[in-house]
Amino acid sequence: MMFRDSFKYYKSRNPAPDLSNVIDLENLDCIRVRNIKAHITGEEIEDNFGLKSVEKWKIYELLDIPGLIFIQNPFTPNGQRYWITRCLKDYSKEPYKLNIDAHNILNNETWWDICFQTSERAKTLLPKLRWATLGYHHNWDTKLYSENSKSDMPTELFGLTSILAKALGFSNFKAEAAIVNYYRMNSTLAGHTDHSEMNVTAPLFSISFGQTAIFLIGGPRQEDPTNAMFLRSGDVVIMSNSSRLRYHGVPKILPASKTPWDDNREESKKNSMYNCDDWCKARTYIAEARINMNVRQVLKPGQIVLY
Ligand code: OGA
Ligand code: MN
């Protein structure tokens, strides 16, 4: 099926789609993959950013989609709680840009502060947050980045993607822009290619948390045949080399059958990376939501400004 037809098919509620052709990296029997060994060892990692030790990561390249690399949830449960809380509490406020900025509904308040109190306003505002842009802000109208529209890149997100990149042998990757996508159970993301970056030879990192997505990936043209795959909480997809400019999108969010963000709660209390009250709030959100951190390099190697 070409991209548009596949999107319609998986988006449909009635009739509900048959999911048996959706690529499931938890069930390797029916798919052709190449196993990749991490290029680093645990000892080389100073700060683990919520990651399991590299020796435990399962990394695959899909042979039918060369350059598409998949790391099956490399995060600890504590790490999942840390990143979910970061996205909801910290990346959803200044200096980052939000879709709801344009609506002028926040007056010196933050989305987080309003949404996790009990009020009518909380209920209406909570589902309105759809994206945040960090680092170079993606301009959704012009599809361009600009030196006049950027914030800092959170150091922990820079650090996390540096480790992931290094593990895969992309040792020069620098996170310079990120989009955090917030999905409710009825949200979708239309098909698109990410071609705004000056540097489209650098890989793109896509990190998912919360409920499960059906992720579609086609070819460089709308007409090309399309594959569907499940993305679950913690999964990391890297679009590198010839897969970097393929059409992709999210037609459907499904309830997750497992909730790794709830695993070993007790153990984490000793050295948790987040505030427990914050996690309590974030947990109610993620029960009916998906978050995707989509991280890119914008500049070419050695380039220091955009012009
Ligand atoms: C994007 C994107 C995919 C996802 O932000 O450009 O493709 O899985 N996100 O949410
Ligand atoms: Mn994209």
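Just follow the structure's listing: the first ligand is 1, and inside any ligand the first atom is 1. We count residues from 1, following the sequence as given.
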Hits for salt bridge (Lys or Arg N to Asp or Glu O under 4.0 Å) against R244, two or more places apart or cross-chain, chain-then-number order -> E197
Atom 5 (O) of ligand 1: closest protein heavy atom, distance to 0.1 Å, is N181 ND2, 2.8 Å
For atom 8 (O) of ligand 1, the closest protein heavy atom turns out to be R290 NH2, 2.8 Å
[Y] versus [X], side-chain donor and acceptor atoms under 3.5 Å:
X	Y	result
S20	D18	yes
R290	S208	yes
E147	Y136	yes
Q297	N172	no
N139	S146	no
S233	Q80	yes

Has R296 got any heavy atom lying under 4.0 angstrom from an atom of ligand 1? yes
Separation between CG (L157) and CZ (R86), nearest 0.5 Å, reads 10.0 Å
Excluding water, the protein N, O or S atoms sitting under 2.8 Å from the Mn ion (ligand 2) are H192 NE2, D194 OD2, H248 NE2
Note: ligand 1 atoms sitting under 4.0 Å from heavy atoms of D194 are 6 (O)
Numbered in order shown, the ligand 1 atoms found under 4.0 Å of a heavy atom of H248 are 7 (O)
In terms of its nearest heavy atom to atom 1 (C) of ligand 1, the top option of T193, N294, V250 is N294
Checking heavy atoms under 4.0 Å, the part of L189 that sits near ligand 1 is side chain
Is the side chain of Y182 donor-acceptor paired with the backbone N or O of C87 at a distance under 3.5 Å, no angle test?
-> yes
Quick one: does Y183 get an N or O within less than 3.5 Å of an N or O on ligand 1?
yes
#### Entry: Close side-chain approach of W83 to L160, heavy-atom, < 4.5 Å
yes
